[in-house]
Amino acid sequence: MTENTKRDYKDTVFLPKTDFPMKAGLPQKEPGIAERWDEIGMYERLREARTAREKFILHDGPPYANGDMHIGHALNHVLKDAVVRTQTLLGKDAPYVPGWDCHGLPIEWKVEEQYRKKKRDKKDVPPAEFRAECRQYAAHWVEVQKEQLKRLGIGGRWDKPYLTMRPEAEAQIVRELHKFAETGQLYRGAKPVMWSPVEETALADAEVEYHDLTDSPQIDVAFEIMESPIAELVGAHAVIWTTTPWTIPVNQALAYGRDVEYELLHLNRLPKEKRFGISHILVASDLKAATLGRLGIDARDVLTDWQGSGSDLAGTMVRHPMQHLGGFYATPRPLLAGDFVTTDSGTGLVHMSPDHGEDDFELCRKHGIDPVFAVMADGRYRDDWPWLGGDDERRRSVINKPFNAPDGPICSDLREAGALLSASADYRHSYPHSWRSKAKVVYRCTPQWFIAIDEPKEHLDGKSLRETAMQAIADTRFIPAKGRNRLASMVEGRPDWLISRQRAWGVPIALFVHRETGKLLVDREVNERIAAAISRETVDAWHENSAAEFLGPDRNPEEFEMVTDILDVWFDSGSTHAFVLESEEWPELSSPADLYLEGSDQHRGWFQSSLLESCGTRGHAPYKSLLTHGFTMDAKGMKMSKSLGNTVNPLTVMEQYGADIIRLWALTVDYTEDHRIGEEILKGVGDQYRKLRNTFRYLLGALPERDELHNGTEKGSSGTYAPIAVGELPELERYMLGELAALDERLRQAVADYDFGAYVRALTEFASEDLSAFYFDIRKDCLYCDGPADPKREAYLAVLDVLFHALVRYAAPVLVFTAEEVWTTRYPQTVDEGGSVHLLEWPVLPDVSGMDTARWEALRALREDVMEAIEPLRREKIIRSGLEAEVTVPESAVPAGFDDAELAELFITASVERGQEIAVTKTDNHKCGRCWRLLPSVPEDGALCDRCEDVVAQLDEAA
RNA sequence: GGGCCGGUAGCUCAGUUGGUUAGAGCGCACCCCUGAUAAGGGUGAGGUCGGAGGUUCAAAUCCUCCUCGGCCCA
């Protein structure tokens, strides 16, 4: 046999063979795969495949149709897609209809910007044309985002997404509004709302952002006390402090705190020029020092003439500093007790203008003081206003900086009236600004439409909308659980829902108000005429048709006012359950949804608007459970912003790494908290991806090219593993099937918990630890060197087949593209058949119940000890590989039922025998020229062992 | 400024009702293999569990304060 020592046995070894490349090239490959899904009509195929199955409805919250997809969209949609795909894999019918929010200010703003660029005045544009432009603008971004989401591998009904601007949707939104009107939950009120004088519109809370200012004005103003139960106070001056001088012309009262302590300070000791012509001032004791400081008065120079608590001030009246103007200013202003008064800043006395503050409005309303609507939409005082209104050339918008400055008209007039005690422009605080124009906003009282939150309603079983919503929250499942508290506390504390906007691009508040009585017209026939018209002609119907057409012949159009406000876009999106889930247009959907899934900011947004809309009209939430995710930060955990330049663009990541990498990232991080993304993290995700990819590559390489395992039958895209007789398998094979079953269980649990991090981790650790480092490593010799018909080798391949079919399905919801690539590599006919890995269902595994896994866990622990014991010999270069080691293990450490030969195979060593303690020596055996094992049956290095001798003989014979 | 949430190895994450030397995967270092090869295997080094107090026989786990970060609100 000496000639054999020179023979190269490489071609007698069964090495893995596959066309599946190690390097993924995802950015190049993915678009083609997505395209094929489109071509085969994946969504319809899935609906067909899951006909009559239990449904799982994830309702998409509509992103705003404005701009490219950003990382937040990517995370959100990958999570949604993972939910839909895992539920589908479990065999449920999980349709997904993506949607977009299309109305609203940001789009209007963009369209106006385009007009400005064309030097065209918006006021010259006919409203219908303007709305048409907005519609076109939104449609453009819907298409852009749609393509970007498809590129991300998101599956859904892309041929018919829902848009809030579809006429059918607009009509249904109006119908929902009418439901509120018909049940008496809608009212027109006057309330101070956040108002932007620049955009001339009321703003929602979400449209306002706070910026820190360092140069705000602050002034102290003296109001002379006319009458008071406290005799000493008469003739003295109450001092108020404010950062908004422009509200002084609309002052109607002062507020004090009942429990706050006040002092009357005597200024007579001061030199005359420091006294402002005033003898006494009234301020809170706690703020005395701060106030005197602003007034430039040394506290040692003043005496306290009177001291008392706020409640003593009841019944005190002051006069406005501009009393000499008469009219509005001639009325005495009362001092009122306000719960909101604190001694944190100011003077402890707060000037009240019901037009321009929430606290002010409420307190004044209690005392019968009404707002006067002095400030117009553009921020200037109205034409007939006696101070700084009309033709006063100094008239400006109230947010105009010079207007409020210490040398501006307000301060100058107050100074002249002897009422201005201090004025500067150096105050630091945060102040609300419009998120679009970045200009300052103000509180301004305007007529607005509201949905009442606390009125008990018959159709809600005598409960209020708030109570109904609180009950619905109690009935909802929250993932993670902390969301419940967050939503509940917001609903508990929120005010009535302000739903009107004075803008152009939106669903109209299509209502009639009787001019004489001011009452809302509630007539179902009229309402249905309105909705029907909108459903035919879009929202233009309301603006372009005459009142008479809606009112019908029985009513005189002259008697009714058509409301021209439009709806808050939150009302639009809050109605999606009505015009999407309940709509005939998407028969695959139903309501309520099993799940809404959005970022945690939507506790105040969509989760809440949907809840209120549905509770107000249907008495329950439109969802059974709510899943919220945190926000994506940069690599250091800091918020991403364009100005900081630390944004990560998912489109770029897809180009560089591929969509499967972003998906793997999104499903690995803890979405319940804020999480990070960055180069290092993506690199780590890429490593994890490669581990999974190589596991599939190994399986594809080891498994027969033609499907011999299936006895020649072509299983194709509906294929599953070949039937196997579990009882006849070697124990290692049965153990691995048991481990696979354990993995299966972990994965099912992770799906039930929406815990995708646990899902991916279980999958990766299984691939890495159980397969690569254990099972595949042990069976490498068997796969390469045993004869093709060897029962052990066949058993191994059978188990690899099971593993393949299970793992490719498990991976499919995560690595949507790679799983498809894996599947079509093994079953190329899938492509012609129009099949896909994504049409398959959760694997059914061979039953291996009753396995004694404890024995194997002990075995693996021992295996680790053996590896550790071998290491010193390798370090000292006594041996190089474990195959050269003869190992002794303590009898007591070996689980029952393993013989020495099995142990040597499992430990991948030359031999194993029992002894007192773990010991390792170098073997004297020779190395088999084919399998490279060092065995007693090998006569000399390079010769064959018994097993290889047989196999080579067989092969030579066949050749 | 207020409410809520969070800060465990370089990275992503586990750490059940407080209880033995705080774990995993990846990365890293070193080694082996060169017949999964820009792959595979082995060993190892990394953490004062954001910081400071406190409760307790015992705290990453409970309490207080501080700090950093985030969301929402003002």
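Order of the sequence lines fixes the chain letters, A, B, ..., with proteins taken first and strands second; residue numbering starts at 1 for each chain.
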Rounded to the Å, how far apart are [X] [atom1] and [N] [atom2]?
| X | N | atom1 | atom2 | value |
| --- | --- | --- | --- | --- |
| Leu703(A) | A36(B) | CG | P | 16 Å |
| Leu883(A) | C31(B) | CG | P | 21 Å |
| Ile908(A) | G42(B) | CD1 | P | 8 Å |
| Asp8(A) | U34(B) | CG | P | 13 Å |
| Glu871(A) | U43(B) | CD | C1' | 4 Å |
| Arg690(A) | A36(B) | CZ | P | 18 Å |
| Leu692(A) | C26(B) | CG | P | 11 Å |
| Lys639(A) | C71(B) | NZ | C1' | 8 Å |

Notebook entry, point to check: Pick one for G46(B): is it syn, with its angle within 90° of 0, or anti?
Noted result: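 You should classify G46(B) as syn.
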
Checklist line | Heavy-atom pair of closest approach, residues Leu944(A) and Val952(A) | finding: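 Between these two residues, the closest heavy atoms are CD1-CG2, 3.9 Å.
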
Checklist line | Closest approach of Ala702(A) to Pro16(A) (non-hydrogen atoms, all atoms of both residues) | finding: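 That closest heavy-atom pairing would be N-CB, 4.2 Å.
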
Note to self: Generate the contact string for nucleotides 8-16 of chain B. Rules: B means base contact, S means sugar-phosphate contact only, - means no protein heavy atom under 4.0 Å.
What the structure shows: --SSSS---

May I ask you to say what [X] touches in the nucleic acid, namely base, sugar-phosphate or nothing, with a heavy-atom cut-off under 4.0 Å?
| X | answer |
| --- | --- |
| Gly72(A) | nothing |
| Arg486(A) | base |
| Lys482(A) | sugar-phosphate |
| Arg875(A) | base |
| Ser772(A) | base |
| Lys877(A) | sugar-phosphate |
| Phe631(A) | sugar-phosphate |
| Lys691(A) | sugar-phosphate |
| Phe776(A) | base |
| Arg930(A) | base |

Taking [M] as the reference, what is the distance to [N] when you measure between their [atom1] atoms (whole Å, please)?
| N | M | atom1 | value |
| --- | --- | --- | --- |
| U34(B) | A39(B) | C1' | 10 Å |
| C72(B) | A29(B) | P | 41 Å |
| U48(B) | U61(B) | P | 15 Å |
| G27(B) | C63(B) | P | 38 Å |
| C71(B) | U17(B) | P | 30 Å |
| U20(B) | U12(B) | P | 27 Å |
| U16(B) | U8(B) | P | 15 Å |
| U64(B) | C4(B) | P | 11 Å |

Note to self: For His675(A) and Trp665(A), take the angle between the two ring planes, folded into 0 to 90°, and tell me which bin it lands in: parallel under 30, tilted 30 to 60, perpendicular over 60.
What the structure shows: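 Plane angle over 60°, so perpendicular.
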
Next item on the list: Would you please classify the geometry between the Phe696(A) ring and the Phe804(A) ring as parallel, tilted or perpendicular, with 30° and 60° separating the classes?
Entry: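 Judged by the thresholds at 30° and 60°, the geometry between Phe804(A) and Phe696(A) is perpendicular.
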
Check: Which stems, defined as runs of 3 or more consecutive Watson-Crick or G-U wobble pairs with both pairing distances under 3.5 Å, involve RNA chain B?
Finding: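 Only these stems qualify: B:1-7 with B:67-73, B:10-13 with B:23-26, B:28-32 with B:40-44, B:50-54 with B:62-66.
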
Notebook entry, point to check: Which of these, Thr244(A), Thr242(A), Asp426(A), sits in a side chain to side chain donor-acceptor pair (under 3.5 Å) with Gln218(A)?
Noted result: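 When side chain to side chain donor-acceptor pair (under 3.5 Å) is applied between Gln218(A) and each of Thr244(A), Thr242(A), Asp426(A), only Asp426(A) qualifies.
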
Which nucleotide sits closest to the side chain of [X]: [options]?
| X | options | result |
| --- | --- | --- |
| Arg604(A) | G42(B), C72(B), C26(B) | C72(B) |
| Glu765(A) | G25(B), G35(B), C73(B) | G25(B) |
| Ser768(A) | G35(B), C72(B), G25(B) | G25(B) |

Notebook entry, point to check: 5'-most contact on RNA chain B: Cys931(A) or Asp601(A), nearest heavy atom basis?
Noted result: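 Result of the comparison: Cys931(A).
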
Notebook entry, point to check: Hey, which of these two, Asp777(A) or Arg697(A), hits RNA chain B nearer its 5' end, going by closest nucleotide?
Noted result: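 The residue closer to the strand's 5' end, by nearest nucleotide, is Arg697(A).
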
Check: Taking atom CZ of Arg880(A) as the centre, does the number of heavy atoms from other residues, nucleotides or ligands within less than 6.0 Å exceed 12?
Finding: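 Result for CZ/Arg880(A): open.
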
Item checked: Phe20(A) six-ring face occupied by Arg693(A) cation (under 6.0 Å, within 45°) ->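 Because its charged atom sits under 6.0 Å from the ring centre and within 45° of the axis, Arg693(A) does stack over Phe20(A).
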
Next item on the list: Using the ring of Phe631(A) (Phe, Tyr or Trp, six-membered ring only), decide whether Lys639(A) places NZ or CZ under 6.0 Å from its centre and within 45 degrees of its axis.
Entry: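 No, Lys639(A) and Phe631(A) do not form such a contact.
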
Check: Can the ring centroids of Trp497(A) and Phe450(A) be said to lie less than 6.0 angstrom from one another?
Finding: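 No, the ring of Trp497(A) stays outside the 6.0 Å limit from the ring of Phe450(A), centre to centre.
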
Next item on the list: Measure centre to centre between the rings of Tyr775(A) and Tyr796(A), then say whether the value is under 6.0 Å.
Entry: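 Centroid distance Tyr775(A)-Tyr796(A): below 6.0 Å, so yes.
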
Item checked: Presence of Lys636(A) side-chain N/O under 4.0 Å of G69(B) phosphate oxygens OP1/OP2 ->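 False: Lys636(A) side-chain N/O out of range (4.0 Å or more) of G69(B) OP1/OP2.
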
Item checked: Distance below 4.0 Å between Tyr784(A) side-chain N/O and A36(B) OP1 or OP2 ->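 Yes.
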
Note to self: Assess, by modelled atom type and distance only, whether the side chains of Tyr689(A) and Thr818(A) contain a donor and an acceptor separated by less than 3.5 Å.
What the structure shows: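 Yes, side-chain donor-acceptor contact under 3.5 Å.
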
Item checked: Distance (rounded to the nearest 0.5 Å) between Lys922(A) NZ and Ile878(A) CD1 ->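 Answer rounded to 0.5 Å: 9.0 Å.
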
Margin query: Return the CG to OH distance between Leu75(A) and Tyr671(A), rounded to the nearest 0.5 Å.
Written below: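 These two atoms lie 10.0 Å from each other.
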
Checklist line | Face-to-face stacking of Trp932(A) with G35(B), centres under 5.5 angstrom, angle under 30° | finding: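 Answer is yes, a stack.
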
